[in-house]
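So you know, we letter chains A, B, ... as the sequences are listed, proteins then strands, and number each from 1. For clarity, every value in this text was computed on a predicted model and none was experimentally measured.
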Number of protein chains: 2
Amino acid sequence: MTTSGGPPTVETIAERAGVSIASVSRVLNGHGARPNTVRRVEQAAAELGYVPNGVARSLKGGRTRQLTFAMPDVGNPAYVSMVRQIQAVTKPLGYRLLLHSTDAVAEDELDVVRSLADRTSDGLILCPIRVTDAHLEVLARAARPVVVIGSLPDAAAVDSVRADSVHGTALAVRHLVERGRRRIAFINGPADTVPGHNRALGYRAALREAGLTPDPGLTVTTEFGIEAGTRAAHRLLQARPDIDSVFCANDQLALGAAHAAHDRGLRIPDDLAVVGMDDSELAMAGQPALTSVDLGSAERGRLAAQMLVARLEGGDHPVRCETVPPRLAVRASTAGVRGAAAAPGPATADAADAGGRVAAGSAS
Amino acid sequence: MTTSGGPPTVETIAERAGVSIASVSRVLNGHGARPNTVRRVEQAAAELGYVPNGVARSLKGGRTRQLTFAMPDVGNPAYVSMVRQIQAVTKPLGYRLLLHSTDAVAEDELDVVRSLADRTSDGLILCPIRVTDAHLEVLARAARPVVVIGSLPDAAAVDSVRADSVHGTALAVRHLVERGRRRIAFINGPADTVPGHNRALGYRAALREAGLTPDPGLTVTTEFGIEAGTRAAHRLLQARPDIDSVFCANDQLALGAAHAAHDRGLRIPDDLAVVGMDDSELAMAGQPALTSVDLGSAERGRLAAQMLVARLEGGDHPVRCETVPPRLAVRASTAGVRGAAAAPGPATADAADAGGRVAAGSAS
DNA sequence: GTGAAAGCGCTAACAA
DNA sequence: TTGTTAGCGCTTTCAC
């Protein structure tokens, strides 16, 4: 059965053009042929509306030109901005992007890495919520290149891009101190994660650096989410009405905290300064607009994509580990006590500018 | 060359287990074999850490178990909630999800449909910004099942799920009228799209229904975005300080408008009531929380996924076209003139409750 | 129940 | 330059 009912294949074209399938393949891949052959093949292909079967091609070539991105939550703006940057890097190179939402379930993350063995994807960018020993084990045996967005032990032979939440947090605290705040509360996300732990470290370190004594009663831990932020802030303001500012582990929490403050009749920033984290669109949505620490989600996504592509297309090279420095976007929610609005465009300062030593060792 | 250096294949296992590759395949697919054979094959597979090559499987079977979702913008919360629902439906069925951000470029959308011919994906959910004749032509020849999220001519033989922006808009306007507002402005998104056009229709119709005369000076058209909303609202409030409420074509615009109102010293809702659209997380982020029309992004995503799966797995069935009714989430930004806060949980009302006739003909 | 062999659609090595 | 042919790894007849 030569020309059957299905979609056209190289064989269909070969028959129609009166050449062999090898010639068809050559012409279609630009591997040179006699002008006359080229013309006939191209015409036949056009007439039949031929599109090469990508699966067959992949089977032969061993590459699918598909990349996978696995992150905890599609809904989180920080990950969405990673998706956007990854697309920006890989799409022009002809890669398709497979999306995986792990809902922060570790077993799901492991499965994604394991499934690289099915040859369905050429590489993976993994954004785990927490790296366990099981992760390291599975990553070591990964069938395809993987780039991790997050902190890995130095021993792990895996490319990675990390944020620096220690210094990011410090950036926020220092900024509040500079604006004259002294009783700086902290609404942290889940503490049993690497970033959560590092933010707590950065917070305490920056307070001490400023000559302030960390007060355990000023730290609250909760899940991420606007409503969670509202509840946490109410609890905090109830127990400690003396605080003059609050730093939140992401913009959702900060927005929730701002709501709570308004409910209690507090003015922002006069009575309470608020700082968020991630510098997502939500920060602009605040009333007033929120100062926010940008941990470089977009930059991390871009770097990870570039590293993965380099691993796939470049030759072998040593394991890379990049750390993206945090930046502070200053807005009206931390304006000086005089209540003056911040400059129109958000002022930014990277960790170094703000007096930070971006120590690679303690980075996360 | 039998057992080479690459990853294990059916042949590797066959050798190790001392059986034929056919038996390996049968055992691995649960097609019955002698207990002893089963045991030996399973053991060999386990020892080798065998994972079937998905590409080879697809080539043979003609299905990739991959689905594609193409939408205008990964960053838009409305599409993100579609992604989440699509995942929820398809992941348990063993499908992977390919994501495509078309940036609202029509040619990109067409390419996605055309590329179905490469057999790399089993089906597509397409969310076009505007359906042109070229779309219809390409859709008619699609190599794989497609479900469109959006409005299609009745003649198109393509499954589709549509929102009802006409009635969604009317819901918002009626609600404002009920709350005693009379000078209701409208900040619309790009007007040269089907939804943009329909929102304009719904706005005017609802005003007339309430006995109010649409005033062209009260409608402003702009791009989507928080800052665009702020600028549009400033323009509006400058030219027409008499307005008592504003309806915005999405939550970003509404948030921007709320900012502008605050800047001008207007109180929400007392001086200006604000209604958004999409009922995204941004609505909760407003100060006060924004009343918002939910056009059912999540529901549309879920339905589209179910329709696609039905098309792929069920037998043939007639073309389906579902319309998702809008809902109104009432929050503090439209509280009554007395300034009382809305009930804690958002009250919702579907189009029918609010007195609408959900006419299929005019739906979009 | 099991094995040999065909073939999914393509690319590339080899011959002519 | 062109055609013949051998696989890529898998599933599935078809004999035995």
So, is [X] near the phosphate of [N], with a side-chain N or O under 4.0 Å from OP1 or OP2?
X        : N      : value
A:Tyr50  : C:dG9  : no
A:Arg119 : D:dG9  : no
B:Arg57  : D:dT11 : yes
B:Asn53  : D:dC8  : no

Of all the nucleotides listed ([options]), which has the minimum atom distance to the side chain of [X]?
X       : options              : value
B:Asn29 : D:dC8, D:dT11, C:dG3 : D:dT11
A:Ile21 : D:dG9, C:dG1, C:dC10 : C:dC10
A:Ser25 : C:dC8, C:dT11, C:dA4 : C:dT11
B:Ser20 : D:dT2, C:dT11, C:dA4 : C:dA4
B:Thr37 : D:dC8, C:dT2, C:dA13 : C:dT2
A:Thr9  : C:dG9, C:dA4, D:dG9  : C:dG9

d([atom1], [X]; [atom2], [N]) in whole Å:
X        : N      : atom1 : atom2 : value
A:Lys60  : C:dA13 : NZ    : C1'   : 9 Å
B:Leu28  : D:dG9  : CG    : P     : 15 Å
B:Glu15  : C:dG3  : CD    : P     : 13 Å
A:Arg40  : D:dT1  : CZ    : P     : 16 Å
B:Leu59  : C:dA6  : CG    : C1'   : 13 Å
A:Glu11  : D:dG3  : CD    : P     : 14 Å
B:Arg26  : C:dA5  : CZ    : P     : 15 Å
A:Asp118 : D:dC8  : CG    : P     : 19 Å

Measuring from [X]:[atom1] to [Y]:[atom2], what's the distance to the nearest 0.5 Å?
X        : Y        : atom1 : atom2 : value
A:Leu99  : B:His100 : CG    : NE2   : 12.5 Å
A:Gln66  : B:Ser121 : CD    : OG    : 9.0 Å
B:His135 : B:Thr132 : NE2   : OG1   : 5.0 Å

*Does B:Gly32 or A:His31 map to a spot on DNA chain C nearer the 5' end, using the closest nucleotide for each?*
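On the 5' side of the pair lies B:Gly32.
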*Name of the residue among A:Glu107, A:Glu137, A:Glu109 meeting salt bridge (Lys or Arg N to Asp or Glu O under 4.0 Å) with A:Arg114*: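 Answer to the salt bridge (Lys or Arg N to Asp or Glu O under 4.0 Å) test with A:Arg114 among A:Glu107, A:Glu137, A:Glu109: A:Glu107.
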_Need one value for B:Ala22: base, sugar-phosphate or nothing, where a base atom within 4.0 Å counts as base even if backbone is also close, heavy atoms only._
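The residue B:Ala22 makes base contact.
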*Answer with base, sugar-phosphate or nothing: what part of the nucleic acid does A:Val19 contact at a heavy-atom distance below 4.0 Å?*
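It contacts sugar-phosphate atoms only.
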_Smallest separation among heavy atoms of A:Thr102 and A:Ala70, with atom names_ =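 In this case the closest contact between A:Thr102 and A:Ala70 is CG2-CB, 4.2 Å.
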*May I ask you to check whether over 12 heavy atoms, not counting those of B:Asp133, lie within 6.0 Å of atom CG?*
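Check fails, neighbour count at 12 or below.
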